[in-house]
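Just below is one structure, and these are the notes that go with it.
We use all heavy atoms of the structure for the numbers below, so side chains are in, but hydrogens, waters and symmetry mates are not. Source: prediction; values computed, not measured. Below, chains carry the letters A, B, ... as their sequence lines are ordered, and counting in each starts from 1.
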Protein chains: 2
Amino acid sequence: MVQLGRHYGRGPASLAEIAAAEDLPRAYLEQLAFVLRDAGLVASTRGAHGGYELRRPPQDIPMSEILRALEGPLAPMICATDAPEHADLCGRTASCTVNLLWVRVRDAVAGALDGMTLAELVPPRSMLVPLEPSAAAPEPTSNQPLEGALT
Amino acid sequence: MVQLGRHYGRGPASLAEIAAAEDLPRAYLEQLAFVLRDAGLVASTRGAHGGYELRRPPQDIPMSEILRALEGPLAPMICATDAPEHADLCGRTASCTVNLLWVRVRDAVAGALDGMTLAELVPPRSMLVPLEPSAAAPEPTSNQPLEGALT
DNA sequence: CTCAATCCCAACCGATTGAGTTGGGATTGA
DNA sequence: TCAATCCCAACTCAATCGGTTGGGATTGAG
């Protein structure tokens, strides 16, 4: 998807390209590709020189939409699903006071996801740092400095 | 846990009681019980008339603590774990711009969980409210005769 | 017209995970 | 002593998820 975002405006990208770029098996991407298509997020053109293409500019695609398409309704637990249709299969729900918790968690997640668009994940190109194998290294203290950024 | 919350201040509750109250297998609760104990959330007393007991009043126990004890570090994806020690096993992390997303989701969840204490889940007994009538559910149609046996 | 490139789609596989089970202690109050 | 209780590790079992297989259908280019 990010690849598609980067590619946006340049015509369809073939799965083969994307597979190469992301180092993922093409066949696997196919599956994802068509749930995304069914969800109306991407358009496909068949035949030689076909491929996939975003149907909207990346900044108009909230991540929540993508995630819901790919992973189904957001639901930290079955008893707190997003999707009205199978509202509760839990059975226990009535007596389960914990439900409230999950609902809040779900809403928090939904909020985070709604507040973020695909555009934000398309890297400004050039900030692709090559990975260094110094894995276990230098910044042990590292308590997420990212905290402040939640708008 | 909620059971323990409700029981708080009345001495230890045996797993047998809890198992009965929650309709869960006792042996299973045992497992949970002692990860909670190891986490310092509950205290146990052995022997006849023993049982478990909260070590702090419910309103001093954030749900985040319970969840982390039971389920491990919060991490919607491996690449966005809470726990510094296995910071990234993802390998892809460097090139993976999506990481940012997961981090935000994780923080959202953490926020929701931190902002909620066990006390809030211990029902005041008697107020088992039937679920909110809510906005967009005009059609409870057919399905699931499951529950409705509220209280 | 033919053929390679591409999307389309369903069924399958295998490792991981999580809920739950089994079984055998160790402690302690009555 | 004995029953009630906690302690603990190893196990089973089913669902899920990342990924694979294997076959089409469509289309542009030569």
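What you find for A/Ala33 and A/Tyr52 is that their closest heavy atoms are CB-CZ, 3.4 Å. Considering every non-hydrogen atom in both A/Asn99 and A/Cys79, the closest pair reads ND2-O, 2.7 Å. B/Val103 and B/Ala80 make their closest contact through N-CB, 3.8 Å (heavy atoms, listed as atom of the first residue, atom of the second, distance).
A donor-acceptor pair is defined here as one N or O able to donate and one able to accept, closer than 3.5 Å; no such pair exists between the side chain of A/Glu65 and the backbone of A/Pro62. Listed for the B/Arg106 side chain is no donor-acceptor partner under 3.5 Å among the backbone atoms of B/Pro76. Formation of a donor-acceptor pair under 3.5 Å by the B/Glu120 side chain with backbone atoms of B/Thr117 is found in this model. Between the side chain of A/Glu17 and the main chain of A/Ser14, a donor-acceptor pair closer than 3.5 Å is present.
Put simply, CG on B/Leu24 is 6 Å from P on C/dG20, counting in whole angstrom units. One atom, CD1 of A/Ile78, and another, P of C/dG18, lie 14 Å apart when rounded to the nearest Å. Per the geometry, CG belonging to A/Leu67 stands 15 Å off C1' belonging to D/dC17, to the nearest Å. In this structure, A/Leu29 atom CG and D/dG19 atom C1' are separated by 11 Å, rounded to whole Å. The CG atom of A/Asp23 sits 14 Å away from the C1' atom of D/dG18 (whole-angstrom rounding). In this entry the distance linking CD of A/Glu22 with P of D/dG18 reads 15 Å, nearest Å.
The closest side-chain heavy-atom distance from B/Arg55 to B/Leu41 is not below 4.5 Å.
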Dot-bracket for DNA chain D, 5' to 3', Watson-Crick and G-U pairs with both distances under 3.5 Å, [ ] for crossing pairs, | for partner on another strand, reads ||||||||||||||||||||||||||||||
What one-letter contact string describes nucleotides 5-16 of chain C from 5' to 3', where B marks a base within less than 4.0 Å of any protein heavy atom, S marks contact via sugar-phosphate atoms alone, and - marks no contact?
-> BSBBB-B-----
